[in-house]
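To start, the structure itself, in structure tokens.
It should be emphasised that the depicted structure is a prediction, and the values quoted were computed from it without experimental measurement.
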Amino acid sequence: MRQVITVSESLHIQAGKLVLMARLKAEERLRGGLAFLLMDVSLRLFAVVPLLFLWRGIFASGSASDLGLTLEQLLSYTLLSAILREQLLVQTPASEWLYQGLFLSLYQRPMGVFTQIVALTVGGWMPNLLLCSLPMALVGPLFGIRTLPVNSLFALSLLLSITVGFAIDLMFACLLIRMQRMSWIVTSIRRAVMTFFSGSLIPFAAFPWGIGDWMQYSPFGALAGAPLAIAVGSSQSKVLILSQLLWCIVLWPSLFHVFKHTRNQMMSYGG
């Protein structure tokens, strides 16, 4: 007798498969051992600690009158940027898999390509979230740095930021497909643009001539600048969230359209 699977059962099965994929990816990240994770923690500390001292030095010298943020807000902004680095600047394995020839293997599974990429990326976040980000969040208050957001809208903003981040990262993957042999150039441009224009390194409030007032509403500003500004108490939280929501609505349909017309040019460099 033929067994009939209901819609809810089908969704449950698909969700179970995605959870399994995420768990396998998390276990893969742990195969390098604790030394690999400690290296990542060290790199984050080397990046964030000098910046924290820099902000303290600027305020101590009395040169921070035009920054638009208090010292407490800047320290919290900087530390949260390091804690949530992978979530604020989403980087999926799509670009790397295109070069290695692994991207085409996603078509051999009975699931959507983008769905698999999201599940694998989120699974890869888990080890660093638990063994790096969480300890940094707990240690921060011991040094007088607030790591809890002051605005409850931060959670929604972070979710929208991640959603926009996936769309932008996959857009760059489509650009890699188009440019094929120029992957190094595209990757370098992506890294520079994402770091500077996202507000992950320097808050938009600290940009001169009011440039940050415009950059915070760009698609890159929706990544890190918006949720971090909301976390430290931005007065424009609702406007920033509306901007993020708008970019979600614009970018995802655009991504589906671009990928549909780009995937036929995909080359499997890995053989």
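Hydrophobic clustering (ILVMFWY, side-chain heavy atoms < 4.5 Å, transitive): Val139 and Val48 are in distinct clusters. Hydrophobic clustering of Ile, Leu, Val, Met, Phe, Trp and Tyr side chains at less than 4.5 Å, counting indirect connections, keeps Leu242 apart from Leu159. Linking Ile, Leu, Val, Met, Phe, Trp and Tyr whenever their side-chain heavy atoms come within less than 4.5 Å leaves Trp214 and Ile202 in two separate clusters. By the criterion of side-chain heavy atoms lying less than 4.5 angstrom apart, applied directly or through intervening Ile, Leu, Val, Met, Phe, Trp or Tyr residues, Phe59 is grouped together with Leu201 in one hydrophobic cluster.
Between the CG atom of Leu88 and the CD1 atom of Ile162 there is a distance of 7.5 Å, given to the nearest 0.5 Å. Atoms CZ and OG1, on Arg190 and Thr195 in that order, are 9.0 Å from each other to the nearest 0.5 Å. With rounding to the nearest 0.5 angstrom, the CG atom of Leu129 is 11.5 Å from the CE atom of Met136. Interatomic distance, Thr163 OG1 to Ile249 CD1, rounded to the nearest 0.5 Å: 11.5 Å. In this structure, Leu228 CG and Leu158 CG are separated by 9.0 Å, a value rounded to the nearest 0.5 Å. Of the inter-residue distances, the one linking Leu175 atom CG with Leu170 atom CG reads 12.5 Å to the nearest 0.5 angstrom.
Residues satisfying the ring pair (Phe, Tyr, Trp, His ring centres under 6.0 Å) test with Phe204, not counting sequence neighbours, are Phe207. For Ser200, the side-chain hydrogen bond (donor to acceptor under 3.5 Å, both in side chains) partners are Ser198, not counting sequence neighbours. Listed by chain and number, the residues in a side-chain hydrogen bond (donor to acceptor under 3.5 Å, both in side chains) with Thr92 are Asp169 (sequence neighbours excluded). With sequence neighbours excluded, no residue satisfies side-chain hydrogen bond (donor to acceptor under 3.5 Å, both in side chains) with Ser76. Every residue two or more places apart in sequence or in another chain that forms a side chain to side chain contact (heavy atoms under 4.5 Å, CB included) with Phe197 is listed here: Val193, Met215, Phe220. Residues satisfying the side-chain hydrogen bond (donor to acceptor under 3.5 Å, both in side chains) test with Glu86, not counting sequence neighbours, are Asn128.
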Could you go through residues 140-153 and list every donor-acceptor pair under 3.5 Å that involves a side-chain atom there, pairing it with any protein atom two or more places apart or in another chain?
{"residue": "Arg146", "atom": "NE", "partner": "Leu148", "partner atom": "O", "Å": "2.7"}
{"residue": "Thr147", "atom": "OG1", "partner": "Ala137", "partner atom": "O", "Å": "2.9"}
{"residue": "Asn151", "atom": "OD1", "partner": "Leu153", "partner atom": "N", "Å": "2.9"}

Anything under 3.5 Å between a donor and an acceptor, one on a side chain of residues 111-118, the other on a protein residue two or more places apart or in another chain? List them.
{"residue": "Gln116", "atom": "OE1", "partner": "Arg109", "partner atom": "NH1", "Å": "3.1"}
{"residue": "Gln116", "atom": "NE2", "partner": "Leu106", "partner atom": "O", "Å": "2.9"}
{"residue": "Gln116", "atom": "NE2", "partner": "Met111", "partner atom": "O", "Å": "3.1"}
{"residue": "Gln116", "atom": "NE2", "partner": "Gly112", "partner atom": "O", "Å": "3.4"}

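In plain terms, the two heavy atoms of Pro227 and Ala222 that are nearest each other are CD-O, 4.0 Å. The two residues Leu240 and Ala226 make their nearest non-hydrogen contact at CD1-O, 4.1 Å. Minimum heavy-atom separation, Val164 to Cys248: CG2-SG, 3.4 Å. For the pair Gln73 and Val232, the tightest heavy-atom approach, listed with the atom from each and the gap, is NE2-O, 2.9 Å. Scanning all heavy atoms of the two residues, the minimum distance from Gly124 to Pro127 falls at O-CD, 3.5 Å. The heavy-atom pair separating Thr121 from Pro93 by the smallest distance is OG1-CD, 3.3 Å.
Using a 4.5 Å heavy-atom threshold, the side chains of Phe166 and Leu251 count as separate. Side chains of Tyr217 and Leu246 form no contact here, defined as non-hydrogen atoms less than 4.5 Å apart. Within the 4.5 Å cutoff, the side chain of Met194 has heavy atoms near those of the Ile168 side chain.
Looking only at distances, no side-chain donor or acceptor of Ser161 sits under 3.5 Å from a matching main-chain atom of Ser157. Remark: the backbone N or O of Tyr77 is not paired with any side-chain donor or acceptor of Ser81 at under 3.5 angstrom.
Among residue pairs with one or both ends in residues 223-253, those qualifying as ring-ring contact (aromatic ring centres under 6.0 Å, His included) are Trp252-Phe256; sequence neighbours excluded. Screening residues 251-262 for salt bridge (Lys or Arg N to Asp or Glu O under 4.0 Å) gives no qualifying pairs among residues at least two apart or on separate chains. A side-chain hydrogen bond (donor to acceptor under 3.5 Å, both in side chains) check over residues 130-144, counting only residues at least two apart or in different chains, returns the pairs Arg44-Ser133.
In the hydrophobic clustering, where aliphatic and aromatic side chains (Ile, Leu, Val, Met, Phe, Trp, Tyr) are joined below 4.5 Å either directly or transitively, Leu138 groups with Leu134.
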### Gln236/Gln216 under side chain to side chain contact (heavy atoms under 4.5 Å, CB included): CA gap, chis, key distance, verdict
CA-CA 11 Å; Gln236 299 178 318; Gln216 65 182 342; 3.3 Å; yes
